[in-house]
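Counting starts at 1 for both ligands and their atoms, following the listed order.
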Amino acid sequence: EEVLRLDGLRKSYNVGQPNEVEVLHGLDLTIGRNDFAALIGPSGSGKSTLLNVIGLLDRPTRGELYLLGQATSGMDDSGRTALRGSSIGFVFQFHHLINAFTAIDNVLMPLMLTHGKPDQQAREKALELLAAVGLEKYANTKPNQLSGGQQQRIAIARALITEPALLLADEPTGNLDTQTAAEVFELFRKVHRDRGCAVLLVTHDPRLSATCDRTINLVDGRIVSDTVNEPG
Ligand code: ADP
Ligand code: ADP
């Protein structure tokens, strides 16, 4: 099942200004439900820009982006926000958890934004997700009392509460030590397997990208290779 398709996607910054610059030069890419893919490439190659465009946080300049078969270029902002909320989960390098809230309330946050005060069913789902990431004991703990790896696990649970078809992660292990980073990668793998969502992860670490099933290499705003990795 196709989750995402890019067709001739281009992105420029500062459009119409003297410093206009195109950073994504006509990308074609298809991501399916069963993809567990790494997006790699040098700093400045356009990885974050691409993730922001795929995540409907930013608009492409030209070309088309299909999410779950729906063309997005004609959608207005509210349509894009609704589609983002129902189909995409985000995990960032810096998890953006709210330290004034408990772990479970952080996980519930995306639902609060769309549905208001969470009901008992929503709380049970959040607890089930905290259990899935190994943190059920810490449901009522504030994030800043937990380790970096545990905080990133909360961010993953939060990204899953809306049951997204596509989970996007921008350097999710960028500020974790090697061992913890490997564990968080294992958790993404488990989430992919158990929840059936496509996963696209940006990483600088070739050892981590090698653990993914597919590696997409972006250089200077172009996909220079897209390969299936041998199971290690
Ligand atoms: P990566 O994530 O691979 O490091 P980025 O997507 O952050 O790459 O950046 C790609 C290029 O786009 C870089 O040359 C960067 O300087 C430029 N860029 C990123 N964001 C902006 C912006 N808001 N305005 C202008 N240029 C930008
Ligand atoms: P990353 O490599 O993770 O993309 P960067 O340090 O390149 O991080 O970018 C951090 C932020 O600065 C991003 O929000 C990006 O859009 C913005 N940015 C990067 N390059 C430029 C630029 N040339 N002009 C304006 N904003 C930029």
Side-chain angles (χ1 to χ4, degrees), residues 3-31 35-67 72-73 75-77 80-81 83-84 87-97 148 151-152 155-156 158-159 164 166-178 180-182 184-185 188 198-227 229:
V3 171
L4 169 77
R5 183 155 55 95
L6 309 182
D7 182 8
L9 184 127
R10 293 175 181 271
K11 173 65 186 175
S12 300
Y13 287 111
N14 310 317
V15 173
Q17 292 168 253
N19 58 349
E20 176 168 339
V21 56
E22 187 178 88
V23 300
L24 298 176
H25 309 294
L27 306 184
D28 301 318
L29 179 71
T30 302
I31 300 274
D35 269 313
F36 184 75
L39 176 63
I40 64 167
S43 187
S45 59
K47 304 181 297 298
S48 293
T49 300
L50 178 56
L51 230 60
N52 289 342
V53 170
I54 291 174
L56 307 181
L57 297 170
D58 204 355
R59 282 182 185 268
T61 315
R62 305 183 69 170
E64 188 57 90
L65 186 160
Y66 300 88
L67 253 183
T72 58
S73 62
M75 291 185 176
D76 63 10
D77 286 347
R80 289 162 55 86
T81 302
L83 184 59
R84 184 196 312 130
S87 60
I88 293 177
F90 274 104
V91 179
F92 300 95
Q93 175 171 4
F94 300 102
H95 44 69
H96 306 302
L97 298 173
Q151 293 182 23
Q152 204 54 292
I156 293 168
R158 178 184 55 183
L166 175 60
L167 184 59
L168 300 174
D170 197 352
E171 292 278 355
T173 59
N175 64 337
L176 302 176
D177 65 70
T178 309
T180 310
V184 168
F185 251 67
F188 276 109
V199 174
L200 180 61
L201 296 153
V202 171
T203 179
H204 271 110
D205 189 334
R207 284 167 306 179
L208 291 177
S209 62
T211 71
C212 295
D213 299 336
R214 177 176 173 188
T215 301
I216 300 156
N217 190 4
L218 190 70
V219 176
D220 289 338
R222 291 189 171 82
I223 294 171
V224 298
S225 69
D226 183 352
T227 54
N229 301 331

- Per-atom contacts of ligand 1 with G46, taking only distances under 4.0 Å to non-hydrogen atoms: 1 (P), 3 (O), 5 (P), 6 (O), 8 (O), 10 (C)
- Note on the structure: Atoms of ligand 1 under 4.0 Å from any heavy atom of T49, numbered from 1 in the order shown, are 5 (P), 6 (O), 9 (O)
- How would you list, by chain and number, every residue that makes a salt bridge (Lys or Arg N to Asp or Glu O under 4.0 Å) with D77, sequence neighbours excluded?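 With neighbours one apart ignored, the set is R59.
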- Within the side chain of T203, is there an N or O that forms a donor-acceptor pair under 3.5 Å with the backbone of S209?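 Between the backbone of S209 and the side chain of T203 there is no qualifying donor-acceptor contact (under 3.5 Å).
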- Message: Just to verify, which of T227, D226, N229 counts as forming a side-chain hydrogen bond (donor to acceptor under 3.5 Å, both in side chains) with R214?
- Response: D226
- Message: Among residues at least two apart in sequence or on other chains, which ones pass side-chain hydrogen bond (donor to acceptor under 3.5 Å, both in side chains) with N19?
- Response: none
- Just let me know how V23 lines up against ligand 1, side chain, backbone, both or neither, with a heavy-atom cut-off below 4.0 Å.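 The side chain, only.
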- Item | For L65, the option from L27, L4, D7 that meets side-chain contact (heavy atoms from CB on, under 4.5 Å) |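 By the side-chain contact (heavy atoms from CB on, under 4.5 Å) criterion, L65 pairs with just one of L27, L4, D7: L4.
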- Message: Pairs of nitrogen or oxygen atoms closer than 3.5 Å, one from G44 and one from ligand 1: do any exist?
- Response: yes
- Give yes or no for whether the N/O distance cutoff of 3.5 Å, strictly under, is met between K47 and ligand 1.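 Among all N and O atoms of K47, at least one is under 3.5 Å from an N or O of ligand 1.
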- Task: Give a yes/no on ligand 1: does P42 have at least one heavy atom closer than 4.0 angstrom to it?
- Result: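 The answer is yes, since P42 has a heavy atom less than 4.0 Å from ligand 1.
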- Query: Can you find a non-hydrogen atom of S43 under 4.0 Å from ligand 1?
  - Reply: yes
- CG/D28: more than 12 non-hydrogen atoms of other groups inside 6.0 Å: yes
